[in-house]
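Protein chains get the first letters and strands the later ones, always in sequence-line order, with residue 1 at the start of each. Note that this is a predicted model, so its numbers are computed, not measured.
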Number of protein chains: 2
Amino acid sequence: MPATPLFRRIDIAPAYQKVADAIEREIINGRIKPGEPIGTEQQLVAQFGVNRSTVREGIRVLEEGGLIRRDSSRRLQACLPRYNKLATRLSRALILHEVTFRELFETSMTLEVASIEGAVERATVENIAELTGNVERSAHVVGNPAELAECDVEFHVLMAKASQNRVLQLAREPAAQLFFPTTEMIVGGVPEGGARLVEAHRHILDAIRRRDKEAGVLWTRRHLQDWRRGFEKIASLDRSVEHTYMEHAYAARQ
Amino acid sequence: MPATPLFRRIDIAPAYQKVADAIEREIINGRIKPGEPIGTEQQLVAQFGVNRSTVREGIRVLEEGGLIRRDSSRRLQACLPRYNKLATRLSRALILHEVTFRELFETSMTLEVASIEGAVERATVENIAELTGNVERSAHVVGNPAELAECDVEFHVLMAKASQNRVLQLAREPAAQLFFPTTEMIVGGVPEGGARLVEAHRHILDAIRRRDKEAGVLWTRRHLQDWRRGFEKIASLDRSVEHTYMEHAYAARQ
DNA sequence: AAACCTAGCTTTGTCGGACAAACCGATAAG
DNA sequence: CTTATCGGTTTGTCCGACAAAGCTAGGTTT
């Protein structure tokens with residue numbers, strides 16, 4: 001072989017990948033806007049000059065990446081990747097990496113505190129109305145662990161939304177997806193747990209209303225510490241997020 | 001329509017999706033461990049009783065999701081989803097949602113501070129050695145914005161790694177991928193910017209060594225504020241992460 | 001015997017064509 | 001004006017095929 005390479009490595013990406021990349025580029029740089037149609041498979045076949053099987057493999061890649069979706073009639077269109085869907089992938093990754101609840105807890109504490117700080121500063125009247133509705137609903141289902149846990153998840157999503165920071169909303173999602181489902185187990189297992197949860201939410205909401213950052217942070221920390229105490233009654237923080245639990249969360253999501 | 005639904009919605013997932021789900025289940029619940037082979041396409045065809053095209057579409061889905069990959073000889077095997085790859089998707093999503101640099105900055109500040117706190121508490125000698133090597137390298141390339149920016153990215157990745165918190169590592173990645181590439185522009189545009197950056201890294205590393213959390217946080221904040229000041233000289237924080245910039249980051253990633 | 005080479009088998013990536021089911025649009029019937 | 005029907009499209013799936021690249025095993029060379 002030559003001492004100095006004459007040619008650089010030729011990029012031989014498979015055709016389906018090139019198809020996916022080409023469409024992705026058009027969406028990312030805005031030539032195709034979310035909601036706009038991509039065209040039928042047949043049209044893509046004609047444009048790219050490859051076989052339909054190849055086009056379809058490329059489509060699957062983009063679909064999984066959340067860049068395109070099929071509307072009601074299964075036609076292809078660009079779309080905004082849902083945080084939620086992507087976060088699910090990340091949650092899965094966290095499980096496979098066998099992270100511990102301690103890691104989840106520590107990071108969630110950071111992110112939820114950041115959320116409440118943003119929410120106190122920037123929550124709109126709509127945000128507050130949504131949160132109010134949520135708290136009222138929580139109060140009604142305080143005796144039902146499953147429904148209450150669902151309300152809890154929603155409360156924290158709304159809080160992040162109220163922070164008006166979409167990066168934060170996204171960053172907290174993967175951890176939250178793994179962290180909060182345990183709430184059901186805890187609320188179900190600890191008497192008075194439900195009431196304490198609703199009370200904490202109430203105080204947090206109140207702090208947002210009064211734009212009282214200190215109180216908001218205080219109650220958010222307290223709320224999470226409550227979770228932690230409850231969790232430690234049923235499991236160790238240093239155990240990895242078990243496959244068994246994972247299956248629970250996974251099944252619930254479907 | 002009947003008052004009470006007699007039948008529940010029939011689940012008619014396309015075959016390729018079922019193939020993907022079936023393989024995903026095996027990986028998630030640990031029956032196939034990362035690194036283990038999935039089998040050839042032909043074997044999957046035989047096992048699932050569907051056509052190879054269908055199997056291949058299912059494979060593409062999992063591949064994109066990061067659950068399987070092809071090894072050197074293109075055989076299929078399960079794998080641990082790389083944060084990095086998933087984070088790339090998320091970064092893309094952030095761009096499409098037209099987040100602003102202010103949102104990025106705010107969230108990064110939160111996450112980097114959390115990183116340094118964890119790093120000060122739990123950095124191992126290996127972590128410190130890696131960081132030391134990085135800082136030394138930075139000092140050598142202080143005059144080269146591109147290389148220095150690369151060192152900066154690595155420094156913060158290593159810092160997150162030193163926190164021993166994988167959830168945090170993951171959570172900071174999407175924002176960091178969008179946030180740090182601007183470093184090159186800033187260092188290139190602001191005289192003394194490079195020197196200040198290296199100095200900050202040095203102080204941060206020193207704080208980790210001395211387990212001095214307060215100093216670590218202080219210098220991390222200062223470091224990020226420096227970025228912010230530099231950035232505001234060339235653009236507004238409230239402008240969305242422009243498509244043009246996005247293309248820059250995107251091209252660099254390839 | 002160890003290293004090398006070559007022919008054959010396997011696997012992937014791609015292609016062309018095919019067909020049933022679902023969907024759309026428009027027209028015909030009530 | 002609503003309902004029913006009927007092509008034309010589009011998707012999901014299947015079948016069969018082939019070139020290129022990798023792997024395997026056997027034979028060859030040193």
Inset, instruction - Go through the steps for Q164(B) and N127(B) under the test side-chain contact (heavy atoms from CB on, under 4.5 Å), then give the verdict. - result: CA-CA 10 Å; Q164(B) 312 292 347; N127(B) 294 143; 2.8 Å; yes
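- By the 4.0 Å N-to-carboxylate-O rule, R166(B) lies too far from E98(A) to be salt-bridged with it.
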Inset, instruction - Under 3.5 Å for both distances, Watson-Crick or G-U wobble, that's the pair rule; now give the dot-bracket for DNA chain C, with | marking pairs to another strand and [ ] for crossing ones. - result: ||||||||||||||||||||||||||||||
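- As a whole-Å value, the separation of R74(B) CZ from dA20(D) C1' is 8 Å.
- Using a 4.0 Å heavy-atom cutoff across all strands shown, R70(A) reaches sugar-phosphate atoms only and no base atom.
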Inset, instruction - Show the numbers, then the answer: is there a side-chain hydrogen bond (donor to acceptor under 3.5 Å, both in side chains) between S138(A) and D152(A)? - result: CA-CA 8 Å; S138(A) 305; D152(A) 183 50; over 6 Å; no
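- S163(B) and L168(B) make their closest contact through OG-CD2, 3.9 Å (heavy atoms, listed as atom of the first residue, atom of the second, distance).
- Contacts with DNA chain C (heavy atom under 4.0 Å) in residues 32-54 of chain B: T40(B), E41(B), R52(B), listed by number.
- Taking 4.0 Å as the cutoff to heavy atoms of chain B, we find the contact window on DNA chain C bounded by dT11(C) to dT14(C).
- Salt-bridge formation is detected for the pair E57(B)/R56(A): a Lys NZ or Arg NE/NH1/NH2 atom is positioned less than 4.0 Å from an Asp or Glu carboxylate oxygen.
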Inset, instruction - Under the side-chain hydrogen bond (donor to acceptor under 3.5 Å, both in side chains) rule, what do R70(B) and Q77(B) come out as? Steps first, then yes or no, please. - result: CA-CA 6 Å; R70(B) 313 197 91 110; Q77(B) 62 176 214; over 6 Å; no
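- Per the geometry, CZ belonging to R75(A) stands 12 Å off P belonging to dT9(D), to the nearest Å.
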